[in-house]
Amino acid sequence: MKIIRTIAEMNQLSKQENASLGLVPTMGYLHEGHLSLVREARGANTAVVVSIFVNPIQFSPDEDFDAYPRDLNRDLKILAEERTDIVFVPSAEEMFPREYASWVEVTSLINRLEEAFRPGHFRGVTTVVAKLFNIIRPAKAYFGQKDIQQASIIKKMVADLNMNIEIMIIPTVREDDGLAMSSRNSYLSPAERRAATVLFKALTLARKMKQGGEQDANNLRQQMSSLIQKEPLAHIDYVSIADADTLEELFLLDKNALAILAVRIGKTRLIDNMLLE
Ligand code: AMP
């Protein structure tokens, strides 16, 4: 496994590689969710690149950039066990030097859900992902369904800017009790960890209601919200029933209905979603 720490070196390598590269961009502190992306990439490309970069420009000043969990040695060990070919670990100074001044911004899909609570977050994401795409030149890049709005925005960026990269969206990996795996789960106290199962419970409730014949999206939002409100440690940022492609809110449920949630458990903000079909 090659560990590459500079942009020049990564550029050089991606030029040399005749192979088609599969890229898995991450912020590290890896879990089974990340590894399912790596495994998916390994089966479909001649070499897999995992990037590890806690991207400062996607955190607002009041967010958890400094506290975000990091353990590079552990991540490298896990990736070696997964037979990863290349790990790209650039420095923040090189990615965003003092004179840095360029942004990539997708203007549709962002005026709702996460953006309302994390203004500027997605332009930080699209900017760093565009840079990673330019540096690494992958044939395919892998993103998780858990961050569905992020994945949709990246797809839009790639289409609009004619980036010749196939975006693959991989199903959410969950703990045994349904909680979506996330690096941020490590913030949860034991009581908060128990409370955090309320996200999956609410998503499952929505799916059951839909399967039981419910057609009114608003009834789903209400039932999900009241279930979450019964959990004293949980505070809702949003409960959405939206079209899985456009992320526009739905009034009537259809085949493409997606339930999407952001809930704070104590100080930890968790997101999750589920297709209701
Ligand atoms: P992060 O390190 O949190 O930025 O995540 C890196 C990539 O892994 C993103 O594309 C996420 O959507 C994806 N990911 C995170 N958690 C999961 C999960 N539980 N299942 C599948 N993919 C995930």
Side-chain angles (χ1 to χ4, degrees), residues 22-44 48-59 63-65 67-72 74-76 78-79 82 84 87-90 92 95 109 113-114 118 121-133 136 138 140-158 165-188 193 196-197 199-200 203 244 247 258 260-263 268-275:
L23 169 65
V24 179
T26 81
M27 299 207 298
Y29 212 69
L30 303 177
H31 51 67
E32 280 295 316
H34 297 113
L35 298 186
S36 80
L37 273 58
V38 174
R39 287 171 197 147
E40 215 36 72
R42 209 178 50 207
V48 176
V49 185
V50 175
S51 62
I52 299 180
F53 182 62
V54 185
N55 173 30
I57 66 166
Q58 73 186 65
F59 290 78
E63 288 184 334
D64 57 345
F65 175 72
Y68 196 84
R70 294 162 169 91
D71 190 342
L72 184 59
R74 176 176 161 276
D75 288 347
L76 293 176
I78 293 172
L79 290 174
E82 288 295 326
T84 306
V87 187
F88 180 48
V89 197
M95 287 291 274
L109 292 159
L113 303 174
E114 285 299 284
R118 307 185 70 188
H121 168 68
F122 286 122
R123 87 172 193 152
V125 171
T126 41
T127 300
V128 80
V129 170
K131 281 176 70 84
L132 290 171
F133 285 177
I136 299 166
K140 296 191 172 85
Y142 294 78
F143 294 88
Q145 162 84 20
K146 185 175 89 71
D147 300 282
I148 182 65
Q149 192 175 10
Q150 164 175 289
S152 307
I153 288 171
I154 287 166
K155 270 193 159 175
K156 182 78 177 127
M157 169 182 84
V158 163
I165 298 169
E166 203 178 337
I167 301 301
M168 314 300 290
I169 301 185
I170 306 304
T172 303
V173 178
R174 301 178 177 283
E175 302 284 358
D176 289 343
D177 61 5
L179 177 67
M181 290 193 183
S182 164
S183 308
R184 289 194 167 96
N185 292 350
S186 64
Y187 297 150
L188 300 169
R193 173 64 187 78
T197 56
L199 281 89
F200 183 68
L203 295 171
L247 302 182
L258 183 76
I260 321 172
L261 286 175
V263 176
T268 305
R269 190 167 180 283
L270 301 176
I271 60 172
D272 201 352
N273 67 82
M274 190 184 278
L275 254 180

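Read the numbers this way: they start at 1 and go in the same order the structure lists the ligands and their atoms. Positions are given from 1, in the same order as the sequence printed here. Heavy atoms only: backbone and side chains are in, while hydrogens, waters and symmetry mates are out.
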In a simple table, one pair per line, please give the protein and ligand 1 atom names for every N or O pair closer than 3.5 Å, along with the distance.
unit_1	atom_1	unit_2	atom_2	d
ligand 1	2 (O)	Met27	N	2.9
ligand 1	2 (O)	His34	NE2	2.9
ligand 1	5 (O)	His34	NE2	3.4
ligand 1	10 (O)	Gly144	N	2.9
ligand 1	12 (O)	Gly144	N	3.1
ligand 1	12 (O)	Gly144	O	3.4
ligand 1	12 (O)	Asp147	OD2	2.6
ligand 1	16 (N)	Met181	O	3.3
ligand 1	19 (N)	Val173	O	2.9
ligand 1	19 (N)	Met181	N	3.4
ligand 1	19 (N)	Met181	O	2.9
ligand 1	20 (N)	Val173	N	2.9

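- Contact record, Val125 with Gln150: CG1-OE1, 3.7 Å, taken as the closest heavy-atom pair.
- For Arg193, the side chain to side chain donor-acceptor pair (under 3.5 Å) partners two or more places apart in sequence, or in a different chain, are Asp177.
- Between Arg184 and Asp64 a salt bridge is recorded (basic side-chain N to carboxylate O distance below 4.0 Å).
- Shown here are the ring pair (Phe, Tyr, Trp, His ring centres under 6.0 Å) partners of Phe59, two or more places apart in sequence or in another chain: Phe65, Tyr68.
- Legend: side chain to side chain donor-acceptor pair (under 3.5 Å) pairs involving residues 167-176, not counting sequence neighbours, sorted by first then second residue: Arg174-Asp272.
- A distance of 5.5 Å separates CG of Leu37 from CD1 of Ile170, quoted to the nearest 0.5 Å.
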